[in-house]
Amino acid sequence: IPKAFCQSSGIPASQLKNFATVALSKKVSDMSNIFKFVRASVVATIAVSALGAAFAQGYPTKPIVLVVPFAAGGPTDVPARLIANSMSKTLGQPVVVENKLGAGGTIAANYVAKAAPDGYTFLIHHNGMGTAPALYRKLPYNPLTDFEYVSQVMDVPMTLIARKDMPAKDFKELAAYMKANGDKVNIAHAGLGAVSHLCSVLLRQALGADATTIPYSGTAPAMNALLGGQVDLLCDQTTSTTPHIKAGAVKLYGVTTTSRIKTMPDTPTLAEQGLPGFQMVVWHGVYAPKGTPKIAIEKFGQALRAALKDPAVAGKLTDAGAMIVSDDKLTPAGLQTWLEKETLRYGPVIKSAGQFAD
Ligand code: ASP
């Protein structure tokens, strides 16, 4: 088949070459069969590329759902809504946040993994995307194969806080209190797979204390329980805890980053208070079901990046301690590489803690 035809038809040369080999090997005497196939392929290719162009032109033509795996009002939900509102303006269609709760974020992730890959369902999730494969031995989805990657978003430090009347005046006293009181001390979290859960596991492991962990559907309800004095401790993102710390409504023992954070310069890290190397930073990614059209991934990613550069959005996020990631991480490859690395990192840590969720 003339080379020029191959190039102009848009049909991959390999496909045409295979066809030619088969046709010739079958000694097809009637040349018209060959041209019938080629004509059908050309029509099909034109039709597919025309459909693709139409999708690209119109997309999005209806509201887009952004699934949040935790309760409204928490540190995943509030930033997601802030970002979604800004994205709606860029995309010209509402980006609607839907909270799908439970099982430390795995119910939401599974829902999106199984959703129609039509460009109208996306997921925002955090470290839980990388820890779930180690925590859940029967995970109904594979974070590394069942999704298209859109972008990372932001890294958020965590704070270890307590009910206001907790007796320990600093982290050193808290560590002694936790060791002395064992399972009488309780720590709230957002479910197995949540970062608040992982933080509590690492804290108990580091202190050799077996405090009781209490699950909620997100750290918004967990924070309400803490403010109401029903639980003792909570490890949560600064995007949720900052206002309560500033209002003096909770007791603050430290931040979980390896160095102090700009928004709380006087707050020591847990690492400098006796837990050298203790680090918990909450990273976030945006995903779509495998097979979502590339143009949808690109347009949603562009709108996300524009939102994160929107001073109204970026200002609020950084005031709450969030660090928007660098441009190289605001890409599909930037998210995929990070997720692969995190999944490898967390596997052994969680398996050694023997804290399986199922
Ligand atoms: N902070 C929660 C967690 O521990 C997530 C959330 O409630 O937004 O994963």
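Just so we're clear, the structure is a prediction, and the values are computed from it rather than from any experiment. For ligands, and for the atoms within them, numbers begin at 1 and follow the listed sequence.
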Determine whether a donor-acceptor pair (N or O, by modelled atom type, separation under 3.5 Å) exists between the side chain of K251 and the backbone of R163. no
Please check this pair: side chain of T269 against backbone of E272, looking for a donor-acceptor N/O pair closer than 3.5 Å. yes
On the 0 to 90° scale, with breaks at 30° and 60°, tag the W283-W338 ring pair as parallel, tilted or perpendicular. perpendicular
Using modelled atom types only, decide if a donor and an acceptor are shared between the side chain of T331 and the backbone of D328 within a distance under 3.5 Å. yes
With a 4.0 Å heavy-atom cut-off, what residues sit around ligand 1? F70, P75, T76, H126, A190, A194, V195, S196, G218, T219, D236, Q237
Y287 ring center near F122 ring center (under 6.0 Å): no
Testing T256, D155, T258, N127 for side chain to side chain contact (heavy atoms under 4.5 Å, CB included) with V281, which one passes? D155
